[in-house]
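Remarks on the structure that follows.
Letters A, B, ... mirror the listed sequences (proteins, then strands); counts begin at 1. A quick note: this is a predicted structure, and the numbers were derived from the prediction, not measured. Computed over heavy atoms, backbone and side chain alike; hydrogens, waters and symmetry mates excluded.
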2 protein chains.
Amino acid sequence: MPSETKNALSANDWAEAALAAIAARGIEGVAIEPLARELGVTKGSFYWHFANRDALLKAALDCWEARETDDVLARVAEETDPKLRIQRLITEVNTSKRASRIYTALSSASKPALVREYVERVSRRRLDFIIDCYAGLGMHVDSARRWALQTYSVFLGSLQIRRDLPDEWPASDDPAFAEYVRFLMISLLPPEARPVAQDTRYQRVARTGTS
Amino acid sequence: MPSETKNALSANDWAEAALAAIAARGIEGVAIEPLARELGVTKGSFYWHFANRDALLKAALDCWEARETDDVLARVAEETDPKLRIQRLITEVNTSKRASRIYTALSSASKPALVREYVERVSRRRLDFIIDCYAGLGMHVDSARRWALQTYSVFLGSLQIRRDLPDEWPASDDPAFAEYVRFLMISLLPPEARPVAQDTRYQRVARTGTS
DNA sequence: ACGTGTCAATACGCCGGCGTATGGAACAAG
DNA sequence: CTTGTTCCATACGCCGGCGTATTGACACGT
């Protein structure tokens, strides 16, 4: 196996480049010849490693699925306490921009039916994981499902908002961001499991005479 | 103006077809010749009505923006009571599948910078509207923004989940759906504005001896 | 020195979509 | 009947991406 002896490309290099292309230009942006140019080679290289474009897509999606499940979920799952686990889940909203771009790109239109399988598997595993988190709080299954659905919705919606309205989303160093996270910590945890006793999310505006 | 005398196509027909194409095949699916085939004409027709593909995209996005703001927001805004307004907003999650497909398609990758403007405008108008809804409850601006961000996230996330995991989402006639809506009614309204006094979202599972 | 296997460059044909140019067909007005 | 306008068809050239075939450059073992 004469690998890593020279600057020869591996199939994995192509898969990674494909993922980057998905993040940057969407699923349709995974084109052999442009990718080859970016990698400094020609497509003669590509067709040695892969049979066709679909094979590349499949390889890239395999990478993605592995990272999005075994990786990020494992990072959260190492927190054994169910309450802290949910909290960590919430702060993970600040996950890498690249990951979120890939997800929304995959989840969008076109969906060559190959992509669909991957998105569905990853989504289901994520949701099931969150359901387990809430079930770990001693919650009934139906309740846990509702809470999880809400939390996962907030997660996905946050990714979208960060894409569509980058200005509206507070930066990580903005105190408003920390406040929002604390807000979510309360909203997304059932009353009995909340970090602080009192709910400070609702401050009425000072009374004025106007209407 | 010899319009509607024959079966002649108008520019608006093309724009509508383009929107349908966005919903079905994404932004890249807006191709002149396939659209012409669907409409039963050739692209000779198209290039009489439009200068190029970008002009068509712009026309389609104008239609979309009008519908997504002046239309759907107006439908919710006719409810004057702020509390009921938020509730109606929540039930609007069940909006047309087509609308959600268009949105996610637009918000995905590629984003030829032309699309970006439209998505940003629509998103901002939606978010501002929701912020006003919460402010209408007498909430402080910062608080209202947090609540709105959460609610809009739930809304967007729900659209995504319905796309990615159609099986996991309860059907409209499923009692689980009604229960989830009631769940959200409580979650997404501040304590003082909730429809019912007691919070029934958290039912602990019956105690068992196992672990 | 000689083959063999690995990885890549080059050249080619194909297809589908874009945009243009030109030529109608229908219809109204004079 | 001619003329002009509106709307569409046809034919063409162009480009970019896909996939194949062929050749070539190294690295190795023998």
Please give, in whole Å, the distance from D/dC8 P to B/Ile32 CD1? 14 Å

I'd like to know if the side chain of B/Asp54 reaches the main chain of B/Leu57, judged simply by a donor and an acceptor atom lying under 3.5 Å from each other, with no hydrogens or angles considered. no

Considering heavy-atom distances to DNA chain D, does A/Ala51 or B/Gly44 have its closest nucleotide positioned more toward the 5' end? B/Gly44

Nucleotide of D/dC8, C/dC18, D/dC18 approaching A/Glu33 most closely (side-chain heavy atoms): D/dC18

Quick one: A/Phe50 CZ to C/dC7 C1', roughly how many Å, whole number? 14 Å

Atom-pair distance (CD on B/Glu28; C1' on C/dG17), nearest Å: 12 Å

Could you tell me whether the side chain of A/Asp128 and the main chain of A/Arg125 form a donor-acceptor pair under 3.5 Å? no

Determine the interplanar angle of the A/Trp147 and B/Phe183 rings, folded into 0 to 90°, and report it as parallel if under 30°, tilted if 30 to 60°, perpendicular if over 60°. perpendicular

Can you see if the side chain of A/Arg37 gets near the phosphate of C/dA9 - specifically, an N or O under 4.0 Å from OP1 or OP2? no

From D/dC18, D/dT10, C/dA9, nucleotide with atom closest to A/Arg53 side chain: D/dC18

Atom-pair distance (NE2 on B/His49; P on D/dT6), nearest Å: 12 Å

Is the ring pair A/Trp64/A/Tyr103 parallel, tilted or perpendicular, if the boundaries are 30 and 60 degrees? tilted

Pairing of B/Glu16 and B/Arg67 as salt bridge, 4.0 angstrom limit: yes

State which of D/dA11, D/dA9, D/dG17 makes the closest approach to the side chain of A/Ala31. D/dG17

Send over the distance from A/Leu39 CG to C/dA8 C1', rounded to a whole Å. 13 Å

Rounding to an integer number of Å, can you tell me how far B/Leu35 CG sits from C/dG16 P? 16 Å

B/Tyr47, nearest nucleotide to its side chain (from D/dT10, C/dG19, C/dA8): C/dG19

With the side chain of B/Trp48 defined as its heavy atoms from C-beta on, choose the nearest nucleotide among D/dC8, D/dG19, C/dG19. D/dC8

Starting at CG of B/Asp54 and ending at C1' of C/dC18, how long is that distance when rounded to a whole Å? 12 Å

Return the value, rounded to whole Å, for the distance between atom NZ of A/Lys43 and atom C1' of D/dA21. 12 Å

